[in-house]
Each structure stands twice: as structure tokens, then as C-alpha cells.
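Read through the structure below, which is laid out as C-alpha cells, and then see the notes.
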Amino acid sequence: MQGETLDGATRELGATRYREVTQEDVEASRELVEFIRRSPSMFHSVATIRDYLDRAGATYLPEGEAWRLERGGMYYTVRNGSSLIAWRVGKELDRYHFQMCASHTDSPTYKVKSVPELAGPGEYLRLNVEGYGGMIDSTWLDRPLSVAGRVLVREGGAVRSHLVSVDRDVLLIPNVAIHMNRDVNKGVELNHQVDLCPLVSAGALGRGDFDRMVARELGVDVADVVARDLFLVNRQEGRVWGFANEFVSSPKLDDLQCDFVSLKAFLAARNPRDVSVLACFDNEEVGSNTKQGALSTFLADVLRRVNAALGKGQEDLLRALSASFLVSCDNAHAVHPNHREKTDDENCALMNRGIVIKEAANQHYTTDAFSRAVLKEVCARAGVPVQTFANRSDSAGGSTLGNLSNVQVSVHAADFGLAQLAMHSSFETAGVKDTAYGIRALTEFYAADIEVDGADGFCIGR
């Protein structure tokens with residue numbers, strides 16, 4: 001470790017200065033790991049976010065009931081049990097507009113089919129699953145798995161939804177031995193129907209036992225289980241690691257790390273002049289084109305109802321939106337230590353070097369010069385370093401939810417992320433410092449009074 005100390009405040013690295021990991025950084029990422037542990041499915045993610053909001057004094061407003069709002073109040077609503085929007089109304093609200101963060105609650109995994117079991121060969125019992133999103137298939141092999149999600153249960157004359165998470169190692173997808181596949185280390189394409197069926201039993205269980213297991217977890221009769229949305233869960237525990245505690249690794253960092261930092265910021269900040277909004281959408285990994293996705297009317301519906309509950313009209317809402325700003329929060333690719341060639345030479349991000357502003361000419365990211373300037377100024381006020389990410393010009397990148405939500409609610413928007421490795425692996429890695437950087441940057445965003453003048457300019461006050 002030439003020229004380095006583990007306990008120094010900073011050390012020189014090229015033209016920048018590297019701030020050493022602090023206990024505050026470590027604690028933030030340990031809380032993140034616990035947040036993710038409590039969120040094994042998108043339904044559980046929303047339940048965990050609700051718990052944070054409830055403990056902070058927020059009021060739940062179901063979509064099917066009338067809404068009454070007060071200045072200074074904090075509220076939230078839920079759609080499908082898997083998407084949530086929260087908002088806090090400024091006490092003064094003298095310059096009416098919205099400052100919003102949007103992230104997503106889902107992650108790539110595999111969904112259990114309605115008829116869940118595959119029998120054989122022999123006495124084997126396997127689980128019948130299909131891919132949800134663009135996962136790295138090989139990362140799901142040879143590790144303990146379980147299932148989590150929601151189950152619809154008959155209760156008397158009604159059917160009610162219940163969360164379930166089987167807190168045991170009950171499944172595993174075994175690799176084929178190298179002796180039977182000599183080319184395995186040359187790269188193997190895994191077939192979802194053939195290679196990715198989790199092993200349930202070698203004979204102790206039979207058909208119907210998977211549903212009986214789920215029913216037992218809920219304490220109900222299997223005959224009362226009407227339907228279910230269940231997903232595979234990687235049981236490997238998240239952790240902070242490294243000799244200098246530099247890294248955090250966990251399932252679902254994409255995008256629960258952004259859910260976490262935006263939630264923490266939303267709860268920490270106070271802005272008397274705006275309506276602060278936290279939006280956590282489901283189904284980003286499969287295109288967002290659902291009733292609870294970013295492309296749905298969910299955000300637009302909530303903003304219209306908030307506007308009406310505040311006694312304002314359609315003209316007020318349109319004027320407020322013209323002065324509003326959205327931060328689309330979804331993680332970014334870090335430079336890979338073994339494959340520097342995979343990222344742009346200059347527009348690239350490193351872990352523990354601050355938040356990432358993402359931009360793409362094809363508009364798969366919402367950032368433009370105006371919104372980049374706003375987010376950079378906010379981060380400068382927060383003392384948070386900023387990095388830039390753009391895809392290599394000869395390769396296609398992914399997409400996210402900001403540009404999709406803007407179809408329904410058109411506002412200035414920028415794409416924000418935290419640098420991570422192995423995106424869409426079942427176990428991803430990010431920088432410990434970036435969790436704290438993300439909270440600090442978004443807290444400043446929510447607290448700052450961002451005054452937008454069309455696209456001609458802006459100013460930021462407190």
C-alpha cells in the first residue's frame with residue numbers, strides 16, 4: 001500500500017483527493033444491507049419503505065379513498081402493493097412546484113409459474129420458473145435460494161393479499177459438472193427452460209408440496225391459496241467488506257440502493273416552499289409498461305390529486321409542473337477492474353468517487369445540459385463529488401425510468417446513479433462511501449429551493 005494509510009483523512013490519487021472511509025459511511029451501508037435483507041421482493045420493498053414512512057409519522061392515503069392534505073403534512077399511497085409514492089407538503093408553499101426523486105423496487109430474478117412443479121427425472125422435483133428482467137443467469141447457480149412475494153388467500157367471503165418470504169434455504173440450481181461439459185469455461189449459454197430450474201427435492205417431496213410449503217409459511221390451508229406472485233431470492237447475505245471497508249456487496253443493489261438513499265434523503269430534508277415527492281415504481285426491469293410502472297399514470301394521478309386536495313386547479317398544476325424537477329435514481333456502471341475497455345475513455349465512473357450523472361444522446365437518460373447544471377449545483381452545495389457516465393459510442397446501453405415517467409409527467413429531469421460492478425448479477429458490488437454521498441446529495445436536492453425559469457436559467461436558495 002505505497003503512500004497510503006488506513007487511518008488518514010485523505011490521500012493523493014492522480015489529480016483528485018480520495019476521502020478515506022468513515023464510520024458514518026460504513027453505518028450507512030450496513031443499514032442499506034439490512035434494508036435490502038428486509039426487501040426480498042418488490043412487494044417487500046414497498047412494505048419496508050412503508051415502515052420507514054410510518055415510523056416517521058407519514059399518513060397512508062389509499063387510492064380508493066378521498067384525500068385531505070394539510071400544509072407541513074407527509075403522506076403516501078401505494079399501487080399494486082409494489083409501487084409507492086410519498087410526498088411532503090411545504091408549510092409555506094409560496095412558490096408551488098414539485099421536487100421529485102424516482103427509483104424502482106424490482107430487480108432481475110425469476111418468477112415462479114402458476115403450475116410450479118416439474119417432476120423427474122426419477123424422483124427429482126424441480127421448480128418451474130421464467131426470467132424476470134435481464135439477469136446474469138450464471139450468477140444464480142450453485143447458491144442457496146428461496147422464494148418471496150405475495151399470495152392471495154381466501155378468507156371467509158373475501159380474498160386478501162399476504163406477503164410471504166420463506167426464510168430458509170429451500171432451493172438450488174445446480175451446475176453441470178465440468179466432466180459432463182468440458183467447454184463450460186469457454187462460455188455456456190443457459191437455457192431458461194432447461195438449465196435454470198431450481199432443485200426442490202430428490203424424493204422427500206412430491207407434487208403439491210411447494211404450494212403446501214407456501215401455505216404453511218402463511219399458516220393457512222393450501223386449499224385457500226387462490227393465486228401467487230412469487231420470485232426467486234438469493235439467500236447470500238449482503239455485507240460491507242474489504243481491508244479498508246471500501247465495498248458493499250448484496251443482492252438487489254440495482255435499484256434498492258437508490259430506493260434507500262432517496263428515502264433517507266426524503267425523510268431528512270425539509271422544504272417549506274415545495275411539494276417534495278418520493279416515487280418508487282415497480283416493473284422497471286421489464287419495461288415499466290404496467291399499471292404500477294413508471295410509464296403508467298401513477299405519478300400523474302397522484303400529482304393531480306395532491307393539486308386538487310390543496311384547493312388548486314388545472315392551471316395551477318400545469319404552472320407548477322413547468323417549475324418542477326425530477327431526479328431519476330438508478331445505479332450506474334463502474335469501470336470494471338479487469339475490463340477497462342468496456343467503458344468510455346472519459347465519461348466513466350469509479351466506486352467511492354461520488355454520485356454519477358448519466359447522459360445519452362438517444363435520450364434513454366433524461367439528462368440534458370440544463371438538468372445536468374441543476375444537479376451539479378445541488379451536489380456542489382452538498383459537498384458531494386460528481387462523475388459523468390455515457391455509454392461507449394459503439395455499444396448500446398440500458399434504459400431506466402426517468403425518460404418513461406416523463407411521458408406522463410413532463411418536467412426537467414436528470415439521471416442520477418451510484419457506481420456499481422456486476423449490474424444484474426444476483427450479488428452486486430458498490431462503494432461504501434457512495435451510499436453516504438447519495439444520501440447527502442439527495443437531501444440537499446430535497447431541501448434546496450430550486451427556482452426554474454423555463455429552460456433559460458435557474459437559481460437555488462434555501
Side-chain angles (χ1 to χ4, degrees), residues 1 6 13 18-40 45 103-109 133-145 232-262 264 284-285 329-344 348-356 358 384-385 387 389 391 397-398 400 416-439 441:
M1 300 177 64
L6 289 177
L13 187 61
Y18 180 92
R19 179 181 63 77
E20 298 294 341
V21 172
T22 67
Q23 189 60 32
E24 179 184 0
D25 298 329
V26 172
E27 291 305 317
S29 281
R30 284 178 176 161
E31 185 181 351
L32 164 66
V33 166
E34 176 61 15
F35 177 88
I36 293 173
R37 186 195 67 79
R38 296 174 58 193
S39 307
S45 299
S103 55
H104 63 91
T105 60
D106 61 324
S107 299
T109 181
M135 69 294 293
I136 303 176
D137 291 327
S138 61
T139 65
W140 288 83
L141 302 178
D142 300 324
R143 64 187 65 225
L145 306 174
L232 293 195
V233 177
N234 176 10
R235 293 272 294 164
Q236 189 170 359
E237 293 183 0
R239 66 206 64 197
V240 171
W241 63 277
F243 189 60
N245 285 330
E246 296 172 83
F247 305 108
V248 55
S249 293
S250 172
K252 299 175 177 288
L253 288 178
D254 174 25
D255 190 32
L256 295 192
Q257 190 175 23
C258 280
D259 281 340
F260 176 75
V261 299
S262 56
K264 293 284 286 186
E284 190 277 341
E285 298 295 356
C329 303
D330 201 354
N331 272 1
H333 299 292
V335 173
H336 195 284
N338 299 328
H339 289 283
R340 176 65 182 86
E341 77 281 0
K342 295 294 185 180
T343 44
D344 185 83
C348 55
L350 298 168
M351 292 181 291
N352 288 323
R353 295 306 181 83
I355 69 102
V356 184
K358 302 185 289 183
V384 172
Q387 304 183 84
F389 176 85
N391 293 298
T400 184
F416 160 110
L418 304 176
Q420 71 162 87
L421 296 171
M423 188 176 289
H424 289 198
S425 169
S426 73
F427 201 71
E428 303 166 320
T429 295
V432 162
K433 293 195 299 184
D434 292 330
T435 306
Y437 278 143
I439 295 170

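Treat the numbers as computed from the prediction; the structure is a model and nothing was measured.
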Q.
Under a plain distance cut-off of 3.5 Å, with no hydrogens placed, do Thr105 and Ser45 share a side-chain donor-acceptor pair?
A. no
Q) Do Arg340 and Cys348 have side-chain heavy atoms sitting under 4.5 Å apart? A) yes
Q: Of all the heavy-atom pairs spanning Val240 and Ser29, show the shortest one and how long it is.
A: CG2-CB, 3.9 Å
Q. Taking side chain as C-beta onward, heavy atoms only, is Leu145 less than 4.5 Å from Val233?
A. no
Q | Side-chain donor/acceptor of Asp255 to backbone N/O of Ser103, under 3.5 Å | A | no
Q.
Using 0.5 Å steps for rounding, measure from the CG atom of Leu421 to the CD atom of Glu428.
A. 10.0 Å
Q. Considering only heavy atoms from C-beta outward, does the side chain of His424 approach that of Thr139 to under 4.5 Å?
A. no
Q.
Rounded at 0.5 Å granularity, tell me how far CZ in Arg37 sits from OG in Ser250.
A. 11.0 Å
Q. Has Glu24 got more than 12 heavy atoms of other residues, nucleotides or ligands less than 6.0 Å from its CD?
A. no
Q: With side-chain hydrogen bond (donor to acceptor under 3.5 Å, both in side chains) as the test, would you mind laying out the steps for Gln257 and Asn331 before giving the verdict?
A: CA-CA 8 Å; Gln257 190 175 23; Asn331 272 1; 3.0 Å; yes
Q: With sequence neighbours left out, write down each residue that passes ring-ring contact (aromatic ring centres under 6.0 Å, His included) with Phe35, or none if nothing qualifies.
A: Tyr52, Phe260
Q | Separation of Phe247 CZ from Lys433 NZ (nearest 0.5 Å) | A | 11.0 Å
Q) What is the minimum heavy-atom distance between Asp25 and Thr22, and which atoms define it? A) OD2-N, 2.9 Å
Q: Sequence neighbours left out, what passes side chain to side chain donor-acceptor pair (under 3.5 Å) with Ser39? Give chain and number order.
A: Thr48
Q. For Gly438 and Phe416, which heavy atoms make the closest approach, and how far apart are they?
A. CA-CZ, 4.0 Å
Q: Spell out, as yes or no, whether a donor-acceptor pair under 3.5 Å connects the side chain of His339 to the backbone of Glu341.
A: no
(Q) Is there a side chain to side chain contact (heavy atoms under 4.5 Å, CB included) between Val335 and Lys342? Walk through the geometry before answering. (A) CA-CA 8 Å; Val335 173; Lys342 295 294 185 180; over 6 Å; no
Q) Within a strict 4.5 Å, meaning less than it, do heavy atoms of the Leu253 and Ile36 side chains meet? A) yes
(Q) Let me confirm one number: the CG-CG distance from Asp259 to Asp330, rounded to the nearest 0.5 Å. (A) 9.5 Å
(Q) Looking at every heavy atom in both Ile439 and Ala28, which two are closest together, and how far apart are they? (A) CD1-CB, 4.4 Å
Q) Side-chain contact, heavy-atom cut-off 4.5 Å: His336 with Thr343? A) no
**Q.** Heavy-atom pair of closest approach, residues Trp241 and Ser249
**A.** NE1-OG, 2.7 Å
Q) Is the backbone N or O of Val432 less than 3.5 Å from a side-chain atom of Asn352, with the two atoms forming a donor-acceptor pair by type? A) yes
Q: Measure across Pro108 and Trp140 and return the closest heavy-atom pair with its distance rounded to 0.1 Å.
A: O-CZ2, 3.7 Å
Q. At what distance, to the nearest 0.5 angstrom, does NE2 of His333 lie from NZ of Lys358?
A. 7.5 Å
Q: State, yes or no, whether a side-chain contact exists between Thr109 and Met135 at a heavy-atom distance under 4.5 Å.
A: no
Q.
So Arg239 and Val248, do their side chains get closer than 4.5 Å, heavy atoms only?
A. no
Q) Can you find a heavy atom in the side chain of Asp344 that is under 4.5 Å from one in the side chain of Asn391? A) no
**Q.** Pair Arg353-Gln387, side-chain donor/acceptor within less than 3.5 Å
**A.** no
Q) Are Lys264 and Glu31 close enough, and set up right, to give a salt bridge (Lys or Arg N to Asp or Glu O under 4.0 Å), and what steps lead you there? A) CA-CA 11 Å; Lys264 293 284 286 186; Glu31 185 181 351; 3.1 Å; yes
Q.
What's the separation between atom OG in Ser107 and atom CE in Met423, rounded to the nearest 0.5 Å?
A. 10.5 Å
